[in-house]
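When a ligand or atom number is given, it counts from 1 through the structure's own listing order.
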Amino acid sequence: MRVSQFPLATLKEVPSEAEIVSHQLMLRAGLIRRLASGLYTWLPLGLRVLRKVERIVREEMDAAGALELLMPCIQPAELWQESGRWEKYGPELLRLNDRHQREFCFGPTHEEVITDIARRELRSYKQLPLNYYQIQTKFRDEIRPRFGVMRAREFVMKDAYSFHIDEASLDETYQRMYAAYTKIFTRLGLDFRAVAADTGSIGGNASHEFHVLAEAGEDAIAFADGGDFAANVELAEAVPDRDERPQPGEPLRLVDTPEAKTIQALVEQFDQPIERTVKTLIVRASEQVGGGLLALILRGDHQLNPIKAEKLPQVASPLQFAEESEIRAVIGAGPGSLGPVELPIPIIVDRCAAMIADFGAGANVDGKHHFGINWVRDVPLGPVADLRNVIEGDPSPDGKGRLRIVRGIEVGHIFKLGRTYSERLNATVLDEQGQPAVLSMGCYGIGVSRIVGAAIEQNHDARGIVWPTPLAPFQIAIAPINLHKSQRLREAVEDLYRNLTEAGFEVLLDDREVRPGVMFADLELIGIPHRVVLSERGLDAGEAEYKGRRDADPRQVPLAELTTFLR
Ligand code: ATP
Ligand code: MG
Ligand code: MG
Ligand code: MG
């Protein structure tokens with residue numbers, strides 16, 4: 001590709017709408033443009049990267065025996081009424097009417113549609129197991145679209161759904177998907193962890209999330225270095241109403257609710273020893289509210305030791321004490337955090353109430369801490385692992401190693417759904433005895449478009465993106481100096497371009513009439529892994545200048561060896 005025919009859409013200024021580095025760089029490098037909140041156009045350069053992610057995902061899903069299909073984006077309300085989610089899903093579901101006033105939604109996920117396919121197409125246990133997948137546009141009307149493609153409203157997901165006659169078969173496919181995901185994220189060149197996850201509002205009995213480790217992550221994950229233990233400390237999704245959002249900076253006041261009374265009662269007991277409790281509370285709270293932010297409820301007469309920020313990486317230090325008579329929550333920004341944020345009052349109140357109630361309840365049994373309060377409205381909560389009380393450096397629940405608590409970006413999620421959907425939609429096949437048997441199901445998602453942002457969070461420097469090679473839109477950039485002044489140089493450049501292309505590289509030839517500084521800055525910003533500079537002077541010496549994107553300095557490579565060198 002030549003830049004004259006593949007124009008770069010780089011920007012010099014950091015766009016003010018972008019809070020985190022990947023979002024800034026995706027805009028500055030000309031990968032995406034915003035259309036409206038949570039809606040993005042993938043420009044040609046960005047689309048090349050997105051397609052690379054898709055290709056790796058597709059190859060590994062195919063290799064794991066999954067079958068690709070493509071379901072409609074628009075789904076009829078009747079199916080969602082059958083599963084019970086038309087009522088339950090809340091405002092994240094974009095609902096539409098057609099010209100006959102029939103109700104539809106734009107699919108945020110496809111359990112209903114695939115279960116409908118299964119009940120129509122599958123007759124016998126002999127057709128099982130089956131694993132269908134698609135790579136497709138989803139829509140979720142996220143309460144707070146942000147971070148560009150990382151939390152968009154319209155985004156690309158790979159979603160797979162497997163069908164089984166029994167649990168043993170489901171287990172087997174689940175393991176195979178776990179392995180496929182491990183391969184995918186490894187091939188993508190990402191630093192990731194698979195963690196045990198709460199099944200949240202989806203229901204079912206086993207689930208793992210795959211997280212790319214990055215400070216901008218909205219989840220907190222705990223894992224033991226050197227051990228097997230890894231879990232998400234995110235608890236459940238909350239879908240508050242839009243009008244429940246507080247104004248930025250507005251202090252949060254507890255209303256007269258049972259939670260408020262619990263808090264009041266429990267805070268009374270907090271006199272001594274308080275330090276660990278408060279530390280834990282802060283860690284928990286800042287993790288729960290996401291984005292490196294701190295929500296804390298304190299009463300004015302407690303003198304707390306200042307908490308050491310370096311021990312608690314996600315935690316903010318400015319604590320604000322409320323009036324003696326009043327309990328307030330304070331939202332503050334911590335080191336490495338993203339600045340002040342809007343948070344739904346009921347969520348903070350509920351979360352803190354639950355956390356405090358949890359300490360007060362003291363329901364530690366055999367090191368397992370079960371959490372019985374339905375603290376996020378309308379979200380059924382199962383028991384969760386003992387993570388509420390842990391802080392960085394605590395022993396792992398399995399006794400192997402000490403816990404690290406870091407931020408993660410959820411890029412994949414696998415669930416054993418069991419019979420939740422197949423029962424509601426009555427999806428059965430005939431078993432060995434010729435009797436109808438309800439299908440067992442698994443589902444497996446990957447945030448294809450989110451991965452592009454997550455990869456940049458992990459791979460950038462002050463000059464721009466540093467693509468892992470498998471994701472790079474082009475592997476090699478040719479940057480000629482004063483191309484338009486020299487016939488000899490033009491010929492050498494064309495030769496090199498042809499040779500490298502024939503050798504299988506994706507090459508970007510910068511044939512613009514711009515200063516070398518401008519050219520280099522653009523090529524570094526868009527993150528091309530290898531840069532080759534050709535000049536008259538280099539030709540005289542029979543050399544090209546080579547610089548890897550991570551290298552501090554360029555070096556000379558004999559022209560004759562260049563293709564071999566780059567392989
Ligand atoms: P999150 O916790 O980030 O809201 P989720 O748990 O709601 O994600 P899933 O239902 O598990 O998401 O969907 C599968 C995958 O789709 C997620 O692991 C994530 O990578 C991706 N994804 C979910 N929501 C978005 C979004 N708003 N924008 C981009 N990708 C998303
Ligand atoms: Mg979500
Ligand atoms: Mg999630
Ligand atoms: Mg998920």
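Residue-to-ligand polar distances place Ala152 within reach of ligand 1: an N/O pair is separated by less than 3.5 Å. The shortest N or O to N or O distance between Arg153 and ligand 1 is not under 3.5 Å.
For Val411, the heavy-atom gap to ligand 1 drops under 4.0 angstrom. Ligand 1 is approached by Gly412 to a heavy-atom distance shorter than 4.0 Å. The shortest heavy-atom distance from Val149 to ligand 1 is under 4.0 Å.
We find that Arg450 and Glu457 are not joined by a salt bridge, their nearest charged nitrogen and carboxylate oxygen being 4.0 Å or further apart.
Nearest N/O/S atom of Glu410 relative to the Mg ion (ligand 3): this is OE1. Of all the N, O or S atoms in His413, the one closest to the Mg ion (ligand 4) is ND1.
Between Phe192 and Phe185, the angle of the ring planes lies from 30° to 60°, which puts this pair in the tilted group.
Taking the centre and axis of the six-membered ring of Phe474, the NZ or CZ atom of Arg48 falls inside the cone set by 45° and 6.0 Å.
With contacts defined as side-chain heavy-atom distances shorter than 4.5 Å, the pair Lys158/Tyr133 qualifies.
The two residues Met157 and Pro108 come nearest to each other via the heavy atoms CE-O, 4.0 Å.
Nearest-heavy-atom check against atom 3 (O) of ligand 1 across Glu218, Glu410, Arg151, His413 picks out Arg151. Of the options Glu142, His211, Met150, Met157, the smallest heavy-atom separation from atom 13 (O) of ligand 1 is shown by Met157.
Note: Tyr132 and Tyr161 fail the aromatic proximity criterion, with ring centroids not under 6.0 Å apart. Here the two rings, on Phe210 and His413, have centers that are 6.0 Å apart or farther.
Every atom of ligand 1 is numbered from 1 in the order shown, and the set under 4.0 Å from a heavy atom of Arg140 is 5 (P), 7 (O), 9 (P), 10 (O), 12 (O), 13 (O), 23 (C), 24 (N).
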